[in-house]
Visitor: 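Starting off with a structure, shown below.
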Amino acid sequence: MQLYSTIDKNHIVTLDKAVMESLAPGGGLYMPCEILPMDANFFSNLSEYTITDIAYHVTQHLVGDYMHANDIRSIVETAINFESPVIKIDENRYSLELWHGPSLAFKDFGARYMAALMSYFLKGSDRRTTILVATSGDTGGAVAAGFLGVENIEVIILYPSGKVSEIQEKQLTTLGQNISAIEVNGTFDDCQALVKQAFLDEEINGVYSLSSANSINIARLIPQSFYFFEAYKQVMPTDRKVVFSIPSGNFGNMTAGLLVKRLGLPVQRFIASTNINKIVPDYLSSGLYQPAPSIQTISNAMDVGNPSNFVRIMELYNHNVDLLRQDVSGYWLDDAATRAAMVEAYQSHGYITDPHGAIGYRSLDTLADDELGIFLETAHPAKFLDVVNPTLGFEINVPKALSDLSKKEKKAHYLASPAYSGFHKYLLDRK
């Protein structure tokens, strides 16, 4: 498998280099040089495959003979060993529940797969890799859980102070060992900017071997493709056209979905469902891409004003908005409408959504008569108790894995300013 940089298409690397470096020189993102449709036999046998089987076949198709089949099987069996059920809401709408992994969020797919893949690439090496990751909520907890105790890898997680839920914060600040957390007095976009600047800092790269676990890393996008196949399998057979509604922040899931369409899955279209940080819906409407400072909402994981993966989406569509509009439409809700969607889903169907999934659920009101909609329920609702409980008017059940976190002590380094100088000093002082 070869990948090129979105900044310089002549800069081509192998998978291990793309995964371990994460960002290309100059800040480019890596994209596969070739995306070929999967063999017809894969689709004819799809109903017989477990999600682990799907992960194996998709990975093997993408990497080719770059990795031995037995190594691929070992990686996916280690990483993708939990279910992602599709729940029928009504005749038109289904929920794809992606919170059945260890950290109760969809990020478990990417984080666990990346940890297993990086461990494979580092096997037999004495090289130590430092992973920098910015989180608006669930990425940090999933990465912390996925990489905890992994040999030769340390993780530094940056998160915006006061802009993640208490449970999310505890998931990334209480593990210790090779996991460190930095609480930044700023936004997610500030945290993301700090990570990107560190990758371009020659002094830091002189003392660290850096990588990232954000969706800028291609190793996150590959596993996020698996559950689109799994969801499609679970609603088959149907004579209706399948539509995926994707709650979107950094647009990693959307990029993975569009990759899946290129691989041959017959998806009719996708809905980019956002909160008032509606940069991409506005782009689809106007044709103008205008990043803006992020605005805090109750769907915090989507509080992104400059989505990193937008450049990958534009690469897939040759930077042509008209081509993109053929496959993707935009949709957004403010906080009041998001709460109303949560209430309606519960009162009408007895289904509890988290704030992000609620936007995806409501967007499926736009379905045509011949369409069937699947929205991604990206995290367990109990991760957002401060929103879900008062919105629904009662206390929902909290899984033990989350309730136990309240007893653990938070440990995080505090950056009083999002200026890069403070983060630069922190990194040097650790050495």
Side-chain angles (χ1 to χ4, degrees), residues 43 46-51 54-55 80 82-101 104-109 223-248 253-254 256-261 263-274 299 301-302 327-331 333 337-338 340-382 384 388 392 396:
F43 293 102
L46 189 60
S47 63
E48 306 300 320
Y49 292 146
T50 66
I51 191 168
I54 289 171
I80 315 298
F82 47 90
E83 62 179 353
S84 52
V86 172
I87 308 300
K88 184 175 181 179
I89 306 299
D90 58 29
E91 292 304 316
N92 301 314
R93 292 176 289 194
Y94 291 77
S95 168
L96 170 59
E97 292 186 346
L98 297 176
W99 45 258
H100 291 267
L104 282 74
F106 82 92
K107 307 286 177 75
D108 285 322
F109 286 87
Q224 287 177 206
S225 71
F226 304 154
Y227 41 73
F228 288 98
F229 291 103
E230 175 67 14
Y232 190 91
K233 177 193 81 176
Q234 291 186 47
V235 298
M236 291 295 106
T238 180
D239 57 359
R240 300 166 76 182
K241 300 171 182 176
V242 175
V243 175
F244 281 99
S245 175
I246 304 179
S248 300
N253 263 333
M254 179 61 73
L258 296 173
L259 171 66
V260 161
K261 189 171 176 67
L263 293 176
L265 192 69
V267 180
Q268 173 68 7
R269 63 187 178 94
F270 298 87
I271 304 173
S273 301
T274 76
S299 49
M302 303 195 299
D327 289 339
V328 182
S329 60
Y331 185 91
L333 295 180
T338 300
M342 295 168 65
V343 171
E344 196 274 332
Y346 181 74
Q347 291 184 346
S348 298
H349 307 290
Y351 190 77
I352 298 175
T353 69
D354 82 296
H356 310 78
I359 300 175
Y361 161 83
R362 178 58 77 202
S363 76
L364 294 179
D365 290 347
T366 64
L367 291 174
D369 292 340
D370 63 345
E371 292 179 331
L372 177 154
I374 303 172
F375 69 91
L376 275 56
E377 177 61 11
T378 52
H380 195 290
F384 309 94
V388 177
L392 298 184
I396 66 171

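All residue numbers refer to positions in the sequence shown, counting from 1. Hydrogens, waters and symmetry mates are skipped; everything else that's a heavy atom, side chains included, is used.
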Visitor: Can you tell me how far apart CG (Asp354) and OH (Tyr361) are? Round to the nearest 0.5 Å.
Guide: 14.0 Å

Visitor: If you round to the nearest 0.5 Å, how far is OG of Ser84 from CZ of Phe229?
Guide: 13.0 Å

Visitor: Could you measure the distance from the CG atom of Leu263 to the OG atom of Ser225? Nearest 0.5 Å is fine.
Guide: 6.5 Å

Visitor: Would you check, one step at a time, whether the test side chain to side chain contact (heavy atoms under 4.5 Å, CB included) holds for Asn92 with Arg240?
Guide: CA-CA 10 Å; Asn92 301 314; Arg240 300 166 76 182; 2.6 Å; yes

Visitor: Which heavy atom in Glu230 sits nearest to a heavy atom in Ile54, and how many Å separate them?
Guide: OE1-CD1, 3.5 Å

Visitor: Specify the closest pair of heavy atoms between Phe270 and Gly257, including all atoms of both residues, with the distance to one decimal.
Guide: CZ-O, 3.2 Å

Visitor: Is His356 reaching over with its side chain to a backbone N or O of Ala301, donor-acceptor style, under 3.5 angstrom?
Guide: yes

Visitor: Search all heavy atoms of Ser47 against all heavy atoms of Lys233 and return the closest pair with its distance.
Guide: CA-CG, 3.8 Å

Visitor: Grab the two heavy atoms, one from Ala231 and one from Val86, that are nearest each other, plus how far apart they are.
Guide: CA-CG2, 3.7 Å

Visitor: Does Phe375 offer a backbone N or O that forms a donor-acceptor pair with the side chain of Ser245 under 3.5 Å?
Guide: no

Visitor: Do Ile359 and Ser299 make a side-chain contact, defined as non-hydrogen atoms from C-beta onward lying under 4.5 Å apart?
Guide: yes

Visitor: Indicate yes or no for a side-chain donor-acceptor contact from Glu371 to the backbone of Val243 under 3.5 Å, with no hydrogens or angles considered.
Guide: no

Visitor: Check whether Glu344 reaches the backbone of Arg362 with its side chain - one donor and one acceptor, N or O, closer than 3.5 Å.
Guide: no

Visitor: Answer with yes or no after comparing the ring centroid distance for Phe109 and Phe82 against a 6.0 Å cut-off, counting only values under it.
Guide: yes

Visitor: Using only atom types and a distance under 3.5 Å, with no angle test, would you say the side chain of Lys261 pairs donor to acceptor with the backbone of Val267?
Guide: yes

Visitor: Return the CG to CD1 distance between Leu364 and Ile374, rounded to the nearest 0.5 Å.
Guide: 9.0 Å

Visitor: Between Ser248 and Asn253, is a side chain to side chain contact (heavy atoms under 4.5 Å, CB included) present by the stated rule, with each step listed?
Guide: CA-CA 7 Å; Ser248 300; Asn253 263 333; 6.0 Å; no

Visitor: CG/Asp108 to CG/Leu98 distance, rounded to the nearest 0.5 angstrom?
Guide: 10.0 Å

Visitor: Roughly how far, to the nearest 0.5 Å, is CG of Leu265 from CZ of Phe43?
Guide: 5.5 Å

Visitor: If every non-hydrogen atom of Ile80 is compared with every non-hydrogen atom of Ala55, which pair is closest and at what distance?
Guide: CG1-CB, 4.1 Å

Visitor: Hey, mind stepping through Leu376 and Tyr227 against side chain to side chain contact (heavy atoms under 4.5 Å, CB included) and telling me if it holds?
Guide: CA-CA 10 Å; Leu376 275 56; Tyr227 41 73; 4.2 Å; yes

Visitor: Do Asp365 and Arg93 have side chains that approach each other closer than 4.5 Å (heavy atoms only, starting at C-beta)?
Guide: yes

Visitor: Please give me the minimum heavy-atom distance between Glu377 and Ile352, naming the atom from each residue.
Guide: OE2-O, 4.3 Å

Visitor: Do Asp90 and Tyr351 meet the criterion of a side-chain donor-acceptor pair at a distance under 3.5 Å?
Guide: no

Visitor: Should Val388 and Tyr346 count as side-chain neighbours, where that means a heavy-atom distance under 4.5 Å?
Guide: no

Visitor: Under 6.0 Å from the NZ atom of Lys241, do we count more than 12 heavy atoms belonging to anything else shown?
Guide: no

Visitor: Side chain to side chain contact (heavy atoms under 4.5 Å, CB included), that's the test. Do Met236 and Thr238 meet it? Break it down for me.
Guide: CA-CA 5 Å; Met236 291 295 106; Thr238 180; 3.0 Å; yes

